[in-house]
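Working notes, structure below.
The model shown is predicted, which means the values in this text are computed figures rather than measured ones. Note on naming: letters A, B, ... go to the chains in the order of the sequence lines (proteins, then strands), and numbering restarts at 1 for each one. Basis for what follows: all heavy atoms, side chains included, without hydrogens, waters or symmetry-related copies.
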2 protein chains.
Amino acid sequence: MANLQEPRPDVSRPVNRVVSLRDVAKEAKVSAATVSMVLNGNPRISRATATRIQRLVERMGYQPNRLAQSLSSKHTHVIAVMLPALRHAFADAYFGEIISGICDKAGKMGYKVMLEQAKPEFVKDKQHVRLYERRFVDGVLCLGTNDRHRWLGDFAAAGCPAMLVDNAVDEFKVDSVVCDYASGAEQVMNYLIQLGHRRIGLITAGQDIKMARRVRKAYETQLHNLGVDCNDTCIVDGKFTEEGGAAAASKLLDAHPDMTAIFAGNDKMAIGAMHEAVRRGLRVPADLSVVGFDDLRHAAFINPTLTTIHLPLYEVGSSAMERLVERIHGRPEPVKEVLPTHLIVRQSTAMAKTTTAAPGQN
Amino acid sequence: MANLQEPRPDVSRPVNRVVSLRDVAKEAKVSAATVSMVLNGNPRISRATATRIQRLVERMGYQPNRLAQSLSSKHTHVIAVMLPALRHAFADAYFGEIISGICDKAGKMGYKVMLEQAKPEFVKDKQHVRLYERRFVDGVLCLGTNDRHRWLGDFAAAGCPAMLVDNAVDEFKVDSVVCDYASGAEQVMNYLIQLGHRRIGLITAGQDIKMARRVRKAYETQLHNLGVDCNDTCIVDGKFTEEGGAAAASKLLDAHPDMTAIFAGNDKMAIGAMHEAVRRGLRVPADLSVVGFDDLRHAAFINPTLTTIHLPLYEVGSSAMERLVERIHGRPEPVKEVLPTHLIVRQSTAMAKTTTAAPGQN
DNA sequence: CTCGTTTGGTAAACTGTTTCAACACTTCGG
DNA sequence: CCGAAGTGTTGAAACAGTTTACCAAACGAG
C-alpha cells in the first residue's frame, strides 16, 4: 500500500492534478477546516494564518470544487430558465431580451443560468421539479407560460422557488413580474382613437394567457366606451407569428374593407399584418395604420418603421431574477410586480382617412 | 442519541424530506452499495433483489442527488455555451438558432446547458476555464468568437473540452463546426453576376473572423475573375447590425451611384441596407438588388422579402454538441466539420438595370 | 469430503467541502 | 493562584452518492 505513493515523485507527472483544499492544508501544515474557514472569511482564524494560507492558495492555484461546496452547503447557485417548447423560442427576440436581463443580473449576483425547454414529456415526467429536487438548481424562472400549463402548480407543492416572467396565473400561487399590458393597450387605443380611427381590428393570440386577455379587454372597453360596435369579426387570432399575423390581417381586411387601423398583440404579428397589407396594395400608414406590441429591436428597421408599445423586457428579466433569489433566501411574502410600458410612435401610423366619417363624435 | 429518531413518528412532519439512497437501503434492509448497483444496472445483483429495490425506489420517489453523483463520478453532464458580450446576443436570431440546436441535442444526450457571456472581466479572470476546473461543466461551446479572443487558447492548456461553433481559429487547436461560408459567398456572387450585376458592393463585418474573411475573399476573387475593378470603396464595414448596414449602404451608394447590387454579410446588415435604399428613394429590387446571409426567420417577412444564403445554424449547433460530447468521452482526433449552405432566392434581387453597360463582358 | 469457483452482497474508503463540538492555550479578574 | 472567559485550531461528522476489496454461502469437480 505504502508504495502506492512512491511512484509519484518522478517529475514526469505534470498532469493537471487539480489541487484540493486538503492539498493546501497539507502544504500549510494546518487542518482542512482551517483552510476552509480562511476562504470563507471566518474571523475565528488569526490574521497571520489567514494571510499565510491565502498566499498559498494563490500560489497553488486552488479552486474550490463547487460540487462539493454545493453538496455540503445546500445551495447550487444555479437557476433554471424554462422556455416554452416552441421551435424558435431561443431565436425569438422577445425571449432573448428577457433572458438577457436574467443573465446579466444572475452574473452580478453570483448565479449561473441553466436553460431548459418545457417539452410535453419533460413536464409530464415532472422533470421541472426534479431540476430542484435533484439539486441541479436553486430555483426556476418560467417564460412563455399560459393557463393550460397545469405543471406550474408543481413548484409550490415541491417547495421549489419559482417565478412567472411576464405572465401571471391566478390559479397557482407563484410569484410574477410582468409588463403593464393593460396600460399599454390603453395607450394604443387612445392614440389610434385620437388619430380618428374607429374601425380598428385586433390581432391577438393566446387567449389562455392572462396578459393577452388584458390587451383584448382594454381594446374592447375602449371601443365600447366610444360607442363603436365591435363584433367578433374585428378580433382574429394571429398565433404570435408573422404568418399568423398576415393571415389574420387578411381575414380582417376581407371582413372589413373599411378598416383603417390594425392593432396587433405583438410586433411579429404586426409585421405580418403590414406584409399582408402591402401585398394587397394598401399603403401603410396612408391607407392602414398598424401598431405592434413589444418594441423588439427590428421593429425600428422594417419598412415603414413600426409604432409599438415598448415593453421593458430586459428589466422584467432582471427583476425576476432578483425576486427569485430573494425567495430562495427565504422571503415569505408573495410578489406581483408590474413594470410600466409606453408607446413608441414611428411611421406605421397616421391620421385615419376621412372616408365614411365615424358615427359617434361623442 | 437514540431518541433523536423518536420525535419523527408524529405525523406533523410532512416536510418534503428528500429521500436519499441510504433511506431506500434502510427500508429495503440492504446496504447502500446494493441500491446504488441496482440503479446503475450492475449485474452483480440478483434479479429478485433488483426488482424488489426498484419497486421500493419507485414507491419512495427516490431521486438521485446529482451533486453527489457528479462529485464521485467526475462527470457533471452539463456543458456551457459561451456567447459574446454583446448587449443583444441572446435576442439575436443567429445565436438563437444555434442555441436551439445545441439544447435539443443536449436534451437528447442527457446533458444540461448553462449560459455564459464572455465579458472582458470574465475571460480576463480565466473564468471560462474555471467553469471546467471547478466542475460546473464538462465542456464548453464557444459562439461568436474572433481572432482577438486569445482566451480560446486556455481551454487546450487546461485540458477542457471545447469547440468553436460556426467559426474557426487556426492559431489554437480547438475543434470546430462551421457553415460553408466560402461556398455561400460564391453562390451569391455567381447569382448576382448571372443577373447582370457588375457594380456590386459588399457590406462586411468582423474581419477578425475567419468566416467573414472567407466571404470577402470569395467576393473579391469572383469580381477579379470577371475583370471588374473593385477597390476598397466597394467594401464597407457594417458591424453586423441594422444601423451599421444602413450606414454602410449609405457610404457605398454615395461613392458609387451606379451600384446595382449590395451583398451584405448577414441578414441584419442587408435589412439595414434596404432600409437606407428605400430612404433614398431607390426601389428594391428594381434599382438595387440586396442579398443577405443567414436566412434568419424574419428575412422572409420584410418588404421585399430577402434573397439570402441559408445557413444550417440549427444543425451546426446540434452537431457541435454531439462532437463536444465525443471529445468529453475521449475522442482523440481533432474535428473540423463543414456544413453546406445554399441560396434562397426571394424578392430583393432582380436583373441589373442596363444603364452604363458593364465594362468587361469577358 | 475437500478444494476451487461462482454468486450475491457488504463494509469501508473515496469524491471535496462545510460545520460544529471540543480542546489547548493564553489572559484576566477576583 | 484558581476558575472563567476568550482565542485559535483541529478532528470528526455530514452531505449523498460510487467503487473496490473482501467475505460468506452455495455449488461443482475431483
**OP:** Pick base, sugar-phosphate or nothing for B:Thr49, based on heavy-atom distances below 4.0 Å to the nucleic acid.
**Re:** sugar-phosphate
Which nucleotide in the set [options] lies at the smallest distance from any side-chain heavy atom of [X]?
X: A:Leu21; options: C:dG8, C:dT17, D:dG17; answer: C:dT17
X: A:Leu71; options: D:dC15, C:dT10, C:dG8; answer: D:dC15
X: B:Arg22; options: D:dT18, D:dT10, C:dG16; answer: D:dT18
X: B:Ser31; options: C:dT10, C:dT17, C:dG16; answer: C:dT10
X: A:Ala33; options: C:dT17, C:dT10, C:dT19; answer: C:dT19
X: B:Lys74; options: D:dT10, C:dG16, D:dT18; answer: C:dG16
X: B:Tyr62; options: D:dG17, D:dT19, C:dT18; answer: D:dG17
X: A:Met37; options: C:dT17, D:dA16, D:dT10; answer: D:dT10
X: B:Pro64; options: C:dT17, C:dT10, D:dG17; answer: D:dG17

Side-chain donor or acceptor of [X] paired with backbone N/O of [Y] under 3.5 Å:
X: A:Ser318; Y: A:Tyr314; answer: no
X: B:Arg331; Y: B:Glu333; answer: yes
X: A:Asp138; Y: A:Ile79; answer: no

Original post:
Can a donor-acceptor pair be found between the side chains of B:Ser73 and B:Ser70 at a distance below 3.5 Å?
Top reply: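 There is no such pair between these side chains.
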Original post:
Rounded to whole angstrom units, what separation is found between the CG atom of B:Asn40 and the C1' atom of D:dT20?
Top reply: 14 Å
